[in-house]
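Notes follow the structure.
Numbers here are sequence positions counted from 1.
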Amino acid sequence: MGVERAVTRWYVRRQEILSEIALLEAALQPEQGAEESADSVKTAVTNEHTTTLAKLTMAQERLRLLGPCPKPMMG
């Protein structure tokens, strides 16, 4: 029973991280038709972009550290 619980917990954590990565990647996509003319707006967008990129990097690192499934489901 303990191995099944560990595998289930691993899959849940993996899915949460993958969902977070997908949301962050979608946030990094350039908005179509959005043009800023003021420098302060560009600075705010750049800061937001940098923050989102840092969060994406951290999420990818968490996924890497999660490692492979504790026990293969098949075989």
Side-chain angles (χ1 to χ4, degrees):
M1 185 76 170
V3 173
E4 293 171 0
R5 187 175 308 161
V7 170
T8 302
R9 205 171 24 238
W10 180 87
Y11 273 106
V12 168
R13 287 182 182 151
R14 180 177 178 267
Q15 189 58 43
E16 288 174 345
I17 294 170
L18 289 175
S19 296
E20 181 181 352
I21 288 172
L23 286 173
L24 292 170
E25 286 176 343
L28 288 175
Q29 296 299 319
E31 294 183 19
Q32 301 297 327
E35 296 183 20
E36 298 85 13
S37 59
D39 288 335
S40 62
V41 172
K42 286 184 181 181
T43 304
V45 169
T46 303
N47 289 341
E48 182 178 316
H49 179 74
T50 304
T51 304
T52 304
L53 194 57
K55 288 179 183 178
L56 177 61
T57 304
M58 288 175 23
Q60 289 171 338
E61 181 66 13
R62 283 197 327 263
L63 182 62
R64 187 189 68 77
L65 291 174
L66 185 61
C69 183
K71 182 173 180 173
M73 294 296 280
M74 307 270 300

*Crowded around Glu61 CD? As in, over 12 foreign heavy atoms under 6.0 Å?*
yes
*asked:* For residues 12-23, which residue pairs pass the salt bridge (charged side-chain N to carboxylate O under 4.0 Å, His left out) check, not counting sequence neighbours?
replied: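 Sorted pair list: Glu20-Arg62.
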*Nearest-0.5 Å distance that lies between atom CG in Leu56 and atom CG in Leu23*: 11.0 Å
*Separation of Leu53 CG from Glu25 CD (nearest 0.5 Å)*: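 Output value for this atom pair is 10.5 Å.
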*Leu18, Trp10: one ILVMFWY side-chain cluster at the under-4.5 Å cut-off?*
yes
*With the 4.5 Å side-chain cut-off for hydrophobic clustering, are Ile21 and Met58 part of the same group?*
no
*asked:* Test of understanding: with side chain to side chain donor-acceptor pair (under 3.5 Å), list the residues that count as partners of Gln60, not counting sequence neighbours.
replied: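 With neighbours one apart ignored, the set is empty.
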*What are the two closest heavy atoms between Leu24 and Ala59, and how far apart are they?*
CD1-CB, 4.4 Å
*Which pair of non-hydrogen atoms, one from Pro70 and one from Ala6, has the smallest distance, and what is that distance?*
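The pair with the smallest heavy-atom distance is CG-O, 3.9 Å.
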